[in-house]
Protein chains: 2
Amino acid sequence: MKQGADLQSLIGYQVQRANLRMDADARAALADHDLSPAKMTALILIRDNPGCDQTALGRALSINRSSAMKLVNILVDKGLIERRPGRDLRTNALVLLPHGEAQLAAMMKAMRASDAQMTARLSAAELRTLLDLLDRIGPDDTESE
Amino acid sequence: MKQGADLQSLIGYQVQRANLRMDADARAALADHDLSPAKMTALILIRDNPGCDQTALGRALSINRSSAMKLVNILVDKGLIERRPGRDLRTNALVLLPHGEAQLAAMMKAMRASDAQMTARLSAAELRTLLDLLDRIGPDDTESE
DNA sequence: TATTGTTATACTCTATAACTATA
DNA sequence: TATAGTTATAGAGTATAACAATA
């Protein structure tokens, strides 16, 4: 299939294509671990923010409370995290359990290998440049200045 | 929420974040047009490859025949494309209809504006660099040499 | 045998709306 | 009033498995 000039010139489309390639490889790398890349991200966020509540986790993952609820249920059912009493009687405090920590370590290893393999054709300097450019993608703020 | 070193160093994660930001803006830009970015991409591919069949379209979009079928049904129902007799009696030839062409033009305009707005903080040279780096993300081929 | 389209079914992820308890 | 969690329900998008027609 021909990919015309319209598609080639859209940055958003090319970012999406790159993301699809990386995500497919990451999913394959995690296939043995029974968790999607997004669920692994959730585990990392909970580990790095112990005691966070579900709503905050959802915000960090760009999903709403209800979706965060489902995600947390799955991780709890698998014995990877735990809900503990939170800072008031409404909130849960999420913590990573030892089992989750162990599984996360194994997944991170597979994920790093996938990441390195997919970016093997870029030098360290190019990777730094890429991260910088990606980070600067976002709404133009000139109107609010 | 803290975003620890593990996440910051994963290129795949940062590509995904950038993609999420651009996709959200693109969806908002297309909200009036009743078609997702992926469906707009399908229209572009059909326009640039008139007479292509559903399976080829699916391959270009990284979805299987069955999913392509559903997508094509939606575009046909909206009067944007048409199934015509293909190169043999098994295949359909997909073509963009005038109505689809008009809607695609309007969507491209909105999409280009969104794309430009989200990349406004990058210079033309930086955008070229970004496209080059993104294009080089993919499986390392060294073992097959 | 292989391929294209098609249909039925199911799964994942996400969202909305409403409810409860708490603040 | 506002917020956190919860539940029920629904929609989009995708996949698998099977079948018919055609190659």
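Owing to the predicted nature of the structure, the values given are computational and were not obtained by experimental measurement. The analysis underlying the following values was restricted to heavy atoms, covering all of them including side chains, and did not include hydrogens, waters or symmetry mates. So you know, we letter chains A, B, ... as the sequences are listed, proteins then strands, and number each from 1.
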- Could you check which residues of residues 65-80 of chain A get a heavy atom under 4.0 Å from DNA chain C? Sort them by number, please.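 Close to the strand are A:Ser66, A:Ser67, A:Lys70.
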- Query: For residues 33-50 of chain B, which residues have at least one heavy atom under 4.0 Å from DNA chain C?
  - Reply: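 Close to the strand, none.
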Which distance, rounded to the nearest 0.5 Å, do you find between the [atom1] of [X] and the [atom2] of [Y]?
X: A:Ile46; Y: B:Met1; atom1: CD1; atom2: CE; value: 7.0 Å
X: A:Glu126; Y: A:Thr129; atom1: CD; atom2: OG1; value: 7.0 Å
X: A:Gln14; Y: A:Gln16; atom1: CD; atom2: CD; value: 9.5 Å

- Query: How would you list all residue pairs meeting salt bridge (charged side-chain N to carboxylate O under 4.0 Å, His left out) that involve residues 33-54 of chain A, not counting sequence neighbours?
  - Reply: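 Residue pairs passing salt bridge (charged side-chain N to carboxylate O under 4.0 Å, His left out), neighbours aside: A:Asp34-A:Lys78, A:Arg47-B:Asp6, A:Asp53-A:Arg87.
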- Can you tell me which residue pairs pass the salt bridge (charged side-chain N to carboxylate O under 4.0 Å, His left out) test with a partner in residues 8-27 of chain B, sequence neighbours excluded?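 Every pair satisfying salt bridge (charged side-chain N to carboxylate O under 4.0 Å, His left out) with a residue in residues 8-27 of chain B: B:Asp23-B:Arg27.
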- Mind checking which nucleotides bracket the chain A contacts on DNA chain C, 5' to 3', with an atom under 4.0 Å from a heavy atom?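 Going 5' to 3' along DNA chain C, contacts run C:dC13 to C:dA23.
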Quick one: side chains of residues 57-70 of chain A, donor-acceptor pairs under 3.5 Å with protein atoms, not counting sequence neighbours, listed by atom name and distance.
{"from": "A:Asn64", "atom 1": "OD1", "to": "A:Ser66", "atom 2": "N", "distance (Å)": "3.2"}
{"from": "A:Asn64", "atom 1": "OD1", "to": "A:Ser67", "atom 2": "N", "distance (Å)": "2.9"}
{"from": "A:Asn64", "atom 1": "OD1", "to": "A:Ser67", "atom 2": "OG", "distance (Å)": "3.1"}

- Same cluster for B:Leu7 and A:Leu30 if Ile/Leu/Val/Met/Phe/Trp/Tyr side chains link at under 4.5 Å?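 Both belong to a single hydrophobic cluster.
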- Task: Please identify each residue that fulfils side chain to side chain contact (heavy atoms under 4.5 Å, CB included) with A:Ala31, with sequence neighbours left out.
- Result: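 Applying side chain to side chain contact (heavy atoms under 4.5 Å, CB included) to A:Ala31 gives none.
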- Message: Using the side chain to side chain contact (heavy atoms under 4.5 Å, CB included) criterion, which residues pair with A:Ala125? Sequence neighbours excluded.
- Response: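 Per chain and number, A:Ala125 pairs via side chain to side chain contact (heavy atoms under 4.5 Å, CB included) with A:Ser123, A:Arg128.
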- Task: Would you indicate what A:Asn64 reaches in the nucleic acid, counting non-hydrogen atoms under 4.0 angstrom: base, sugar-phosphate, or nothing?
- Result: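 The answer is base, as A:Asn64 lies within the cut-off (heavy atoms under 4.0 Å) of a base atom.
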- Along DNA chain C (nearest heavy atom to each residue), the more 5'-positioned of B:Asp53 and A:Arg27: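 This one resolves to B:Asp53.
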- Hydrophobic cluster (4.5 angstrom, side-chain heavy atoms) - remaining members for B:Val15: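 B:Val15 shares its hydrophobic cluster with A:Ile11, A:Val15, A:Met22, A:Met118, A:Leu122, A:Leu127, A:Leu130, A:Leu131, A:Leu133, A:Leu134, A:Ile137, B:Ile11, B:Met22, B:Met118, B:Leu122, B:Leu127, B:Leu130, B:Leu131, B:Leu133, B:Leu134, B:Ile137.
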- Query: Members other than B:Leu20 in its cluster, when Ile, Leu, Val, Met, Phe, Trp, Tyr link by side-chain heavy atoms under 4.5 Å?
  - Reply: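 Listed partners: none, B:Leu20 stands alone.
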Please output the side-chain donor-acceptor pairs of residues 95-104 of chain A that fall under 3.5 Å, not counting sequence neighbours, one pair per line with the distance.
{"from": "A:His99", "atom 1": "ND1", "to": "A:Gly79", "atom 2": "O", "distance (Å)": "3.4"}
{"from": "A:Gln103", "atom 1": "NE2", "to": "A:His33", "atom 2": "O", "distance (Å)": "2.8"}

- With side chains defined as the heavy atoms from C-beta onward, is the minimum distance between A:Leu43 and A:Leu35 less than 4.5 Å?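 Yes, close enough: below the 4.5 Å cut-off.
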Using nucleotides 21-23 of chain D, report all nitrogen or oxygen pairs with the protein that are shorter than 3.5 Å.
{"from": "D:dA23", "atom 1": "OP1", "to": "B:Leu89", "atom 2": "N", "distance (Å)": "2.9"}

